[in-house]
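Have a look at the structure below, then the notes.
What you are looking at is a predicted structure, and each value in this text was computed from that prediction instead of being measured.
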Amino acid sequence: MRKDQCLSCSSRKCNHRVVSSDDKGKAYDEISCWRHRGDLYRHADENYKGMKTYMETTGSYCRGDKI
């Protein structure tokens, strides 16, 4: 999967991102398009139990971008 590809589809216009707060995204860092933001939030809750930061932008995100 590309760093700029949605968690649930092949879209590369991802404007929702969830990262682990404690380590600035090293343990958990995923992105999604607007249609799959609910899937992203559910995936984050199921796969990472620590503190998370939820972000949204009018531009695009990539996994691994600086916070």
Side-chain angles (χ1 to χ4, degrees):
M1 180 180 305
R2 295 173 52 120
K3 286 187 172 190
D4 61 348
Q5 186 175 347
C6 175
L7 176 67
S8 300
C9 70
S10 60
S11 175
R12 293 190 352 230
K13 295 183 179 182
C14 299
N15 57 354
H16 292 271
R17 184 177 181 197
V18 179
V19 297
S20 51
S21 297
D22 301 336
D23 59 2
K24 296 183 180 178
K26 291 182 181 169
Y28 189 87
D29 186 358
E30 282 295 342
I31 60 173
S32 77
C33 63
W34 66 272
R35 283 175 295 225
H36 295 110
R37 66 185 176 270
D39 295 336
L40 172 65
Y41 299 157
R42 192 169 22 266
H43 184 269
D45 290 340
E46 291 171 358
N47 293 291
Y48 186 73
K49 301 300 181 193
M51 284 287 275
K52 296 176 277 295
T53 301
Y54 296 81
M55 299 183 288
E56 184 176 348
T57 184
T58 56
S60 294
Y61 283 123
C62 286
R63 287 175 195 84
D65 281 350
K66 290 190 177 191
I67 298 174

Please list all pairs passing the side chain to side chain donor-acceptor pair (under 3.5 Å) test where one or both residues lie in residues 33-42, with sequence neighbours left out.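 Pairs touching residues 33-42 that pass the test: His16-Tyr41, Asp39-Arg42.
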Residues that, via side-chain heavy atoms closer than 4.5 angstrom, fall in one hydrophobic cluster with Met55: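 Val19, Ile31, Tyr61, Ile67, listed by chain and number.
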For [X], all residues meeting side chain to side chain donor-acceptor pair (under 3.5 Å), sequence neighbours excluded:
X: Thr53; result: Ser21
X: Asn47; result: His43
X: Arg12; result: Asp4
X: Arg63; result: Glu30

With sequence neighbours left out, which residue pairs that include part of residues 14-28 fulfil the salt bridge (Lys or Arg N to Asp or Glu O under 4.0 Å) condition?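 Salt bridge (Lys or Arg N to Asp or Glu O under 4.0 Å) check on residues 14-28 returns Arg17-Asp29.
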Sequence neighbours excluded, every pair satisfying salt bridge (Lys or Arg N to Asp or Glu O under 4.0 Å) that has a member inside residues 46-61: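 Every pair satisfying salt bridge (Lys or Arg N to Asp or Glu O under 4.0 Å) with a residue in residues 46-61: Asp45-Lys52.
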With a sphere of 6.0 Å drawn around CE of Met51, does it hold more than 12 non-hydrogen atoms of other residues, nucleotides or ligands?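 No, because the 6.0 Å sphere around CE of Met51 holds 12 heavy atoms or fewer from other groups.
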Please find the pair of heavy atoms, one from Val18 and one from Tyr54, that lie closest to each other, and give the distance.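 Here Val18 and Tyr54 meet closest at CG2-CD2, 3.6 Å.
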If we check side chain to side chain contact (heavy atoms under 4.5 Å, CB included) with Cys33, which of these qualifies: Ser10, Cys6, Ser60?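 Looking at Ser10, Cys6, Ser60, the match for Cys33 under the side chain to side chain contact (heavy atoms under 4.5 Å, CB included) is Cys6.
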